[in-house]
Amino acid sequence: MSTKKWTVTLLSVIPSADGLSEVVMNVYWLCSATEGTSTYNTNGCTQVPFPNPAAFTPFSSLTEGQVLQWVFETLGPQQVSDIEASADKGLQDLINPPIIYPPLPWAQKA
């Protein structure tokens with residue numbers, strides 16, 4: 001069984017909107033599946049909804065956990081599960097490749 005880790009790699013922000021400063025617009029993320037010493041990464045970008053001004057968190061006070069929560073809420077549980085399953089599939093294909101390219105048999109005899 002692999003372990004999954006989500007990481008925020010980049011945020012794009014609107015410098016100023018509706019009286020708010022540095023409003024997060026897009027979250028670029030990485031979902032990693034790891035088993036033993038093998039890791040497979042899948043990445044993406046999620047546009048998050050404009051924040052409620054009453055519950056706005058200043059950019060400098062954001063945490064990765066808070067931003068990932070926005071991503072998970074925006075994607076929904078099924079899409080999060082699908083992304084993690086895709087990372088698992090990539091990891092299994094890395095560990096046990098479905099197609100291999102062995103050396104040509106006649107090339108080994110030379």
*So if you build clusters from Ile, Leu, Val, Met, Phe, Trp, Tyr with side-chain heavy-atom gaps below 4.5 Å, do Val24 and Leu75 land together?*
yes
*After noting the C-alpha distance and the side-chain angles of Met25 and Val13, does the key distance pass the side-chain contact (heavy atoms from CB on, under 4.5 Å) rule?*
CA-CA 5 Å; Met25 184 175 80; Val13 301; over 6 Å; no
*Tell me, please, which residues at least two apart from Lys4 pass side chain to side chain donor-acceptor pair (under 3.5 Å).*
Ser2, Asp88
*Treating Ile, Leu, Val, Met, Phe, Trp and Tyr as nodes and any side-chain heavy-atom pair under 4.5 angstrom as an edge, say whether Phe56 and Val67 lie in one connected cluster.*
no
_Between Val23 and Phe59, does the side-chain contact (heavy atoms from CB on, under 4.5 Å) criterion hold? Intermediate values first, please._
CA-CA 7 Å; Val23 178; Phe59 186 82; over 6 Å; no
*Check the pair Leu91, Lys89 against side-chain contact (heavy atoms from CB on, under 4.5 Å), reporting the backbone distance first and the verdict last.*
CA-CA 5 Å; Leu91 176 65; Lys89 172 77 168 94; over 6 Å; no
*Leu20 versus Pro53, closest heavy-atom pair with distance*: CD1-CA, 4.3 Å
*salt bridge (Lys or Arg N to Asp or Glu O under 4.0 Å): which pairs involve residues 35-57, sequence neighbours left out?*
none
_Let's go through Glu84 and Trp6 carefully: what are the C-alpha distance in whole Å and the side-chain angles of both, what is the deciding distance for side-chain contact (heavy atoms from CB on, under 4.5 Å) to 0.1 Å, and is it a yes or a no?_
CA-CA 9 Å; Glu84 291 180 349; Trp6 288 76; 2.8 Å; yes
*Only pairs at least two apart or in different chains count here, so list each side-chain hydrogen bond (donor to acceptor under 3.5 Å, both in side chains) that has a residue in residues 13-28.*
Ser12-Asn26
*Residues in side chain to side chain donor-acceptor pair (under 3.5 Å) contact with Glu64, at least two apart in sequence or another chain*: none
Could you go through residues 38-48 and list every donor-acceptor pair under 3.5 Å that involves a side-chain atom there, pairing it with any protein atom two or more places apart or in another chain?
| from | atom 1 | to | atom 2 | distance (Å) |
| --- | --- | --- | --- | --- |
| Thr39 | OG1 | Thr34 | OG1 | 3.0 |
| Asn41 | OD1 | Ser32 | OG | 2.5 |
| Thr46 | OG1 | Trp29 | NE1 | 2.9 |

_With a 4.5 Å cut-off on side-chain heavy-atom distances among I, L, V, M, F, W and Y, is there a chain of contacts connecting Val27 to Val80?_
yes
*asked:* Trp70: which residues meet the side chain to side chain donor-acceptor pair (under 3.5 Å) condition with it, sequence neighbours left out?
replied: none
